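Chain identifiers are assigned alphabetically (A, B, ...) following the order of the sequence lines, protein sequences preceding nucleic acid strands; residue numbering begins at 1 within each chain. Keep in mind it's a predicted model, so treat the numbers as computed, not measured. Values reported hereafter were calculated over all heavy atoms of this structure, with side chains retained and with hydrogens, waters and symmetry mates removed.
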There are 2 protein chains.
Amino acid sequence: MKGYLWAPSAATSVKTAQSNWESMAIDAVGNVIEFWGFKRNQGRVWALLYLRDASLTAAEIEKELELSKGGVSMLIRDLERWGVVLRVRVPGDGSWRYRAETDLLQMARRVIEEREFSFIARIRADLAEARKLAEADARVLPEQVERLRKMEAVAEATEKALGVFLKTSRLDVGGMFERFRA
Amino acid sequence: MKGYLWAPSAATSVKTAQSNWESMAIDAVGNVIEFWGFKRNQGRVWALLYLRDASLTAAEIEKELELSKGGVSMLIRDLERWGVVLRVRVPGDGSWRYRAETDLLQMARRVIEEREFSFIARIRADLAEARKLAEADARVLPEQVERLRKMEAVAEATEKALGVFLKTSRLDVGGMFERFRA
DNA sequence: CATATAGTTCAAGGCGTTTTGAACTGCATG
DNA sequence: CATGCAGTTCAAAACGCCTTGAACTATATG
């Protein structure tokens with residue numbers, strides 16, 4: 001597994017009780033991220049790590065967010081794969097610690113780019129294909145072909161919205177440099 | 001129930017077998033619409049009616065799309081409520097017929113406007129609230145407040161994408177006038 | 001190497017949503 | 001007003017997705 005030795009271990013005393021504003025923010029992030037087709041708890045784990053600006057152990061995450069051992073393991077695996085959470089080793093400690101790496105928007109962008117975008121592209125291709133078949137069929141009225149064309153507008157609008165999301169998220173590069181400061 | 005008397009009853013002979021291109025297009029529409037959080041079959045029913053440009057009975061829809069009686073009833077109710085399907089009565093026929101009314105984009109727009117938009121707005125409000133609470137708390141570091149602010153970017157990007165979708169869909173007014181031609 | 005602790009895996013369970021189908025309602029017609 | 005068909009309703013089943021937890025693996029430490 002990747003992960004680098006000892007990132008500075010948290011702000012020493014991790015106060016383990018969630019303040020009110022913290023859980024509010026954590027849940028909010030979970031909700032937006034769910035909107036984009038990710039798991040709510042993926043967003044929550046990331047948000048916890050990001051807000052604390054500290055490296056936490058799996059056990060801590062488990063306790064703070066009331067998740068199961070196995071669940072935390074899988075959630076972290078996903079976040080690591082997307083590059084938004086980093087696994088670090090702390091010297092006098094047998095266990096891994098995790099910290100938020102980049103902005104969550106980057107993860108959303110990356111995944112939407114490769115997964116949703118091509119999903120919509122596929123749909124558009126299907127509609128285009130259907131139209132071609134219809135055009136070749138003499139029994140199909142020109143009006144119907146026109147309607148097929150209009151249907152593509154739904155897919156196009158969707159694609160456009162995704163595009164804006166991606167573009168917007170790309171503007172937020174702030175997160176990229178933070179890791180060098182801490 | 002609403003619905004108006006005898007819209008011209010279909011193109012006489014409704015060829016009851018789906019051509020290949022037709023089911024392809026129907027499924028494609030079902031898929032995009034599902035992306036926006038509607039039911040796949042809501043999209044499919046609308047697409048069938050729209051493509052045929054004819055008024056079909058519930059029984060016909062049931063057969064064409066392989067849905068259950070009860071299912072068709074409920075799907076149509078939804079589509080009617082959203083104003084994208086119209087219920088019409090044909091003189092020599094004891095049953096209702098249904099036809100596609102406006103562009104599906106309008107339905108998506110309407111529902112997203114009232115449901116998704118406020119959902120995201122609520123999330124943004126939560127984040128703003130969390131930040132306010134954090135700012136009032138002396139123990140919270142300014143850095144953390146800054147991170148809370150950054151989190152709002154995720155919600156903002158989402159809101160922006162929805163906005164674009166809404167704007168785009170509003171441009172397509174073509175559907176509005178068609179009903180007067182048929 | 002033995003032991004303890006952290007982390008992973010995955011079948012089973014839980015949960016929310018969608019679909020089915022059978023009973024029911026309502027309406028038109030003779 | 002009896003009959004039959006169209007349409008509606010809703011409890012139960014089916015389905016898909018997410019989470020749990022117990023067994024298992026890996027790793028550190030004495």
Rounded to the nearest 0.5 Å, the CD atom of A/Glu116 sits from the OG atom of A/Ser118 at a distance of 8.0 Å
Side-chain atoms of A/Ala58 come closest, of D/dT20, D/dT9, C/dG7, to C/dG7
B/Glu62 atom CD is separated from D/dT8 atom C1', nearest whole Å, by 13 Å
Testing D/dT20, C/dG7, C/dG21 for proximity to the side chain of A/Met74, the answer is D/dT20
B/Trp96 CH2 to C/dG26 C1', in whole Å, measures 12 Å
Separation of C/dT19 atom P from B/Leu75 atom CG, nearest Å, is 6 Å
Between A/Ser95 and C/dA6, does any side-chain N or O lie under 4.0 Å from OP1 or OP2?
no
message = Whether B/Arg87 contacts D/dT8 is assessed here as follows: a side-chain N or O lying under 4.0 Å from the phosphate OP1 or OP2. Is that the case?
response = yes
Side-chain atoms of B/Arg77 come closest, of D/dT20, C/dA6, D/dT9, to D/dT9
Here the distance between atom C1' of D/dA26 and atom CZ of A/Arg89, to the nearest Å, is 11 Å
### Within 45° cone and under 6.0 Å: B/Arg110 NZ/CZ vs B/Phe38 ring
no
Exactly one candidate in A/Thr102, A/Leu105, A/Asp103, A/Val45 meets side-chain contact (heavy atoms from CB on, under 4.5 Å) with A/Val84; the answer is A/Thr102
Testing D/dG7, D/dT20, D/dT9 for proximity to the side chain of A/Leu67, the answer is D/dT20
Side chain to side chain contact (heavy atoms under 4.5 Å, CB included) filter on A/Asp78, not counting sequence neighbours, yields A/Lys39, A/Gln42, A/Arg81, A/Trp82
B/Glu34 CD to D/dC17 C1', in whole Å, measures 13 Å
Heavy-atom nearest nucleotide on DNA chain D taken for A/Lys39 and for A/Asp93; more 5' hit belongs to A/Lys39
Heavy-atom nearest nucleotide on DNA chain D taken for B/Lys69 and for A/Glu66; more 5' hit belongs to B/Lys69
### Query
Looking only at side-chain N and O atoms, does B/Arg97 come under 4.0 Å of OP1 or OP2 in D/dA6?
no
To the nearest angstrom, the CZ-C1' distance between B/Phe38 and C/dT18 comes to 16 Å
Kindly check if the number of other-residue, nucleotide or ligand heavy atoms within 6.0 Å of CZ (B/Arg149) is above 12? yes
Separation of D/dT20 atom P from A/Leu65 atom CG, nearest Å, is 11 Å
Rounded to whole Å, CG of B/Asp78 lies from C1' of C/dT19 at a distance of 13 Å
Check: Does C/dG7 have OP1 or OP2 sitting under 4.0 Å from an N or O in the side chain of A/Tyr98?
Finding: yes
*Phosphate contact (C/dT18 OP1 or OP2) by B/Asn41 side-chain N/O below 4.0 Å*: no
>> At less than 4.0 Å, is any side-chain N or O atom of A/Ser73 found next to OP1 or OP2 of C/dT8? Yes or no.
In response: yes
